[in-house]
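Worksheet for the structure shown next.
Chain A is the first sequence line, chain B the second, and so forth, proteins listed ahead of strands; every chain is numbered from 1.
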Protein chains: 2
Amino acid sequence: MATEPDVRGHAGREFFTTRTVAEALAGFRPARRTGAETIPLADALHRVPAAAVTAPHPLPGFARSTVDGYAVRAADTYGVSEGLPGYLDVAGAVRMGTEPEVTVAPGTVAVMPTGGVLPPGADAVVMVEYTQEAMPGTIEVTRPVAPGEGVVRADEDAAAGAELVPAGRPLRAQDLGMLAAAGVTEVSVHARPRVTVFSTGDEVVPPQTAELRPGQVRDATATALAALITQAGGEARHGGIMPDDRAALEAALRGALPASDMIVISAGSSVGARDETAAAVARLGPPGIWCHGLAIRPTLLAECASVPVIGLPGNPRSALVVFRLIGMPLVRRAGGCTSPPAEPVVRARLARDVASAAGRLDVVQVRLEDGLAVPLFGLSALLSILTAADGYVVVPEEATGLGSGTDVDVTLYG
Amino acid sequence: MATEPDVRGHAGREFFTTRTVAEALAGFRPARRTGAETIPLADALHRVPAAAVTAPHPLPGFARSTVDGYAVRAADTYGVSEGLPGYLDVAGAVRMGTEPEVTVAPGTVAVMPTGGVLPPGADAVVMVEYTQEAMPGTIEVTRPVAPGEGVVRADEDAAAGAELVPAGRPLRAQDLGMLAAAGVTEVSVHARPRVTVFSTGDEVVPPQTAELRPGQVRDATATALAALITQAGGEARHGGIMPDDRAALEAALRGALPASDMIVISAGSSVGARDETAAAVARLGPPGIWCHGLAIRPTLLAECASVPVIGLPGNPRSALVVFRLIGMPLVRRAGGCTSPPAEPVVRARLARDVASAAGRLDVVQVRLEDGLAVPLFGLSALLSILTAADGYVVVPEEATGLGSGTDVDVTLYG
């Protein structure tokens with residue numbers, strides 16, 4: 001890429017550039033964004049508005065009572081008290097959902113339900129609790145109200161043209177409610193980024209393979225990656241399982257470029273397989289490979305023909321860990337999301353020492369037990385460590401480990 | 001309900017039983033759960049397994065190398081060092097995805113890719129980094145390995161019959177990966193609870209109403225509630241907008257019972273409308289109304305003909321706040337979820353004093369600004385307070401307010 005012209009192949013030789021995760025998140029920023037599409041509001045939860053949506057008219061659109069009581073002229077209540085109530089005549093009643101037929105003249109009130117239209121003449125609503133019927137057609141008011149009290153102004157929820165929801169922030173339940181209130185029943189959102197997932201490795205077979213031959217493993221990574229892509233707002237597409245064959249992989253990747261906003265390759269587990277993946281990606285097109293390793297795991301980041309390409313480590317557990325840290329933010333960004341939702345994080349006390357090499361970011365899987373974060377140790381090849389975990393703790397590159405009793409932030413899986 | 005026989009109507013008179021939110025969460029526990037349905041694994045993200053899924057066979061199913069290197073008999077490496085390397089003959093190579101054709105006899109090794117099957121005779125794999133080619137067909141080993149080193153046992157990820165995922169915990173990405181690895185491509189999950197949403201109020205019109213007449217408001221609540229129901233794993237159904245008419249509401253509710261696992265009514269905003277809702281619900285069937293108010297807002301909790309019924313406050317903002325606290329846990333429970341996902345919570349310092357009446361639970365909407373939680377004050381009728389908020393702070397019933405500078409937990413919207 002433009003900022004790193006020297007990291008790509010030179011006369012057939014590759015430079016293995018290793019980056020920290022923070023450098024990758026900050027520095028690898030493909031420009032590709034999905035276009036806009038218009039969808040019904042009912043389908044828009046968590047979708048990302050392509051532009052801010054503004055109020056077509058003021059909301060609620062009329063001065064509205066916030067209490068059950070009586071619409072009054074505030075001046076008619078000045079000085080009243082429990083001991084010296086004011087007496088006002090009931091001129092009529094406001095009915096819900098219709099224009100008032102009553103006008104509040106000096107010395108009169110109108111019966112007012114919560115949510116009703118403030119009738120002409122009135123400028124406040126006195127709560128029913130501060131009134132009582134003195135005689136049929138007349139009430140006592142025992143507490144004064146100020147103008148505007150008990151009333152929502154006609155444009156208090158939104159003025160005409162006010163921003164109802166911003167661009168780039170995934171729509172939440174209340175945002176959909178606000179749009180419904182404004183009569184906005186369709187919304188222009190970023191299309192879900194199409195993320196094509198390839199698995200590589202001569203040993204990898206589809207999950208539906210009933211009987212495995214010795215040496216075969218079912219493709220766990222593609223299924224799990226598809227779920228993470230969905231969680232990040234993307235649409236996972238199945239690229240297929242590729243043998244360890246550079247030409248075949250290159251052809252498959254090239255074929256997927258036109259219909260992909262991103263390509264993810266879970267590389268074969270051996271060094272040789274990873275090299276084949278890198279070689280295939282290097283030939284896909286400019287600007288090419290941005291980095292070939294992360295301080296966490298062998299991870300390839302590239303941009304080929306304007307499509308971001310991520311090569312993940314071979315074992316499923318590492319692939320998922322890296323995709324959470326690097327891939328999901330890239331999917332979100334490709335889908336126009338500028339305010340990603342917060343992940344649930346809890347503070348817990350580490351139950352045991354955790355070792356970590358300096359210069360290497362480690363992700364420690366933990367179980368939460370009574371406020372303790374219990375590290376789950378085990379080979380990185382084991383997916384069962386991830387399924388047993390409630391969340392994970394990141395040990396940054398500069399740390400050489402964390403001592404038992406350290407307070408750590410645990411990012412929870414969901 | 002059985003535990004509260006005296007809270008329901010007596011000779012036409014209602015007892016208004018008010019509960020705290022904690023009491024409601026602990027005490028209102030309808031028994032209804034949805035049945036099981038079998039779905040493809042690819043659709044199972046966040047669905048709730050109806051039963052634990054166990055491994056049909058050991059995983060990975062064969063002793064597997066975790067490194068690139070050489071399969072060895074560990075005993076052949078004892079005592080070797082940089083200064084005194086061991087010399088071993090290369091008997092052959094293991095290929096990925098196939099049964100090894102080589103056997104490792106004493107004094108020999110086999111070339112081993114990460115993920116390959118450990119060949120007969122070998123009990124460990126020495127990393128390539130600790131070897132070098134001494135001459136064609138012979139390697140030097142400079143570091144000893146123990147039996148089992150560099151190898152995943154055949155049942156180390158899961159023994160046959162081991163639990164892969166528990167019942168009741170929504171499936172996460174890694175859980176789907178684990179099931180794929182085990183060849184489980186369909187999973188039995190709880191059906192999504194069908195939650196029928198009714199809106200009431202003579203003033204309420206559908207969101208697609210282009211032109212409002214004075215006094216009309218569009219139904220914001222039903223759209224927002226549908227989103228929260230979806231987030232809680234339910235399937236929202238549109239019951240419709242009902243006028244403030246007890247008989248019509250009762251008939252509509254009764255008609256919805258057979259196809260609902262839960263009914264939610266966003267009541268009209270006036271006291272009268274709420275009473276009509278309660279009266280309609282009271283006639284739906286036993287065991288009936290459990291409480292008629294919460295320490296937060298007028299909220300009705302009932303169980304009628306085994307269907308939980310929730311009556312929410314009239315204004316959209318209160319309705320959404322209450323549904324988050326009370327309704328979403330009930331939807332999750334109806335859908336068999338016993339381990340609800342954690343919500344994102346951050347600790348922040350309150351930027352201003354917040355008042356709260358003792359005995360009343362308050363939910364304060366806040367914006368987060370540089371680690372400060374800035375309370376958003378405004379009429380409870382305003383939905384714009386919710387759309388401006390990043391999250392909320394709960395002021396419990398026993399508190400009389402929170403002082404500026406207090407550290408508070410902010411539950412973030414997403």
Side-chain angles (χ1 to χ4, degrees), chain A residues 41 45 60-62 66 68 96-99 113-115 117 152 156-158 172-178 180-181 183 185 201-203 207-210 212 214-221 223-224 227-228 230 269-271 316 320 341-344 379 381-384 386-387 412-414, chain B residues 41 45 60-62 66 68 96-99 113-115 117 152 156-158 172-178 180-181 183 185 201-203 207-210 212 214-221 223-224 227-228 230 269-271 316 320 341-344 379 381-384 386-387 412-414:
Chain A
L41 191 63
L45 179 65
F62 55 91
T66 62
D68 288 309
M96 290 301 289
T98 59
E99 194 150 22
T114 304
V117 182
V152 173
E156 198 163 344
D157 220 359
R172 308 164 304 173
Q174 63 263 46
D175 299 326
L176 303 186
M178 186 53 130
T185 55
D202 289 333
E203 78 279 24
Q208 56 272 26
T209 308
L212 298 179
Q216 292 185 328
V217 293
R218 298 189 189 90
D219 187 359
T221 311
T223 300
L228 294 180
T230 303
S269 48
S270 70
V271 169
L320 299 188
E343 288 188 289
L379 296 168
L382 298 180
L383 203 45
S384 53
L386 273 189
T387 57
L412 297 172
Y413 290 120
Chain B
L41 191 63
L45 179 65
F62 55 91
T66 62
D68 288 308
M96 290 301 290
T98 60
E99 194 150 21
T114 303
V117 183
V152 173
E156 196 162 346
D157 221 359
R172 308 165 305 173
Q174 63 262 48
D175 299 326
L176 303 185
M178 187 53 131
T185 55
D202 288 335
E203 78 278 25
Q208 56 271 25
T209 308
L212 298 178
Q216 292 185 327
V217 293
R218 298 189 190 92
D219 187 0
T221 310
T223 299
L228 294 180
T230 303
S269 48
S270 70
V271 169
L320 298 189
E343 287 187 290
L379 295 168
L382 298 180
L383 203 44
S384 53
L386 272 190
T387 57
L412 298 171
Y413 290 121

So which of [options] has the largest heavy-atom pair count under 4.5 angstrom toward chain B?
options                      : result
A:L412, A:T209, A:D175       : A:D175
A:P341, A:A181, A:A158       : A:A181
A:T98, A:L41, A:D219, A:T221 : A:T98
A:L320, A:T66, A:V217        : A:V217

Shortest non-hydrogen contact between [X] and [Y], atoms and distance:
X      : Y      : result
A:A173 : B:A224 : O-CB, 3.3 Å
B:L45  : A:A227 : CD2-O, 3.6 Å
B:A220 : A:A180 : CA-CB, 4.0 Å
A:Q174 : B:L386 : NE2-O, 3.1 Å
B:V117 : A:G215 : CG2-CA, 3.1 Å

Given B:A381, B:A342, B:A210, the one with more heavy-atom pairs under 4.5 angstrom with chain A than any other is B:A342
Which bit of [X] comes within less than 4.5 Å of chain B, counting heavy atoms only: side chain, backbone, both or neither?
X      : result
A:L176 : both
A:E343 : backbone
A:L212 : side chain
A:T230 : side chain
A:T185 : side chain
A:L383 : both

To the nearest 0.5 Å, atom CD of A:Q216 lies from atom CD of B:E99 at 11.0 Å
Output for pair (A:L382 CG, B:D157 CG), nearest 0.5 Å, gives 4.5 Å
(request) With a 4.5 angstrom heavy-atom cut-off, could you sort out which part of B:E156 is near chain A: side chain, backbone, both or neither? (result)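 Contact with chain A involves both backbone and side-chain atoms of B:E156.
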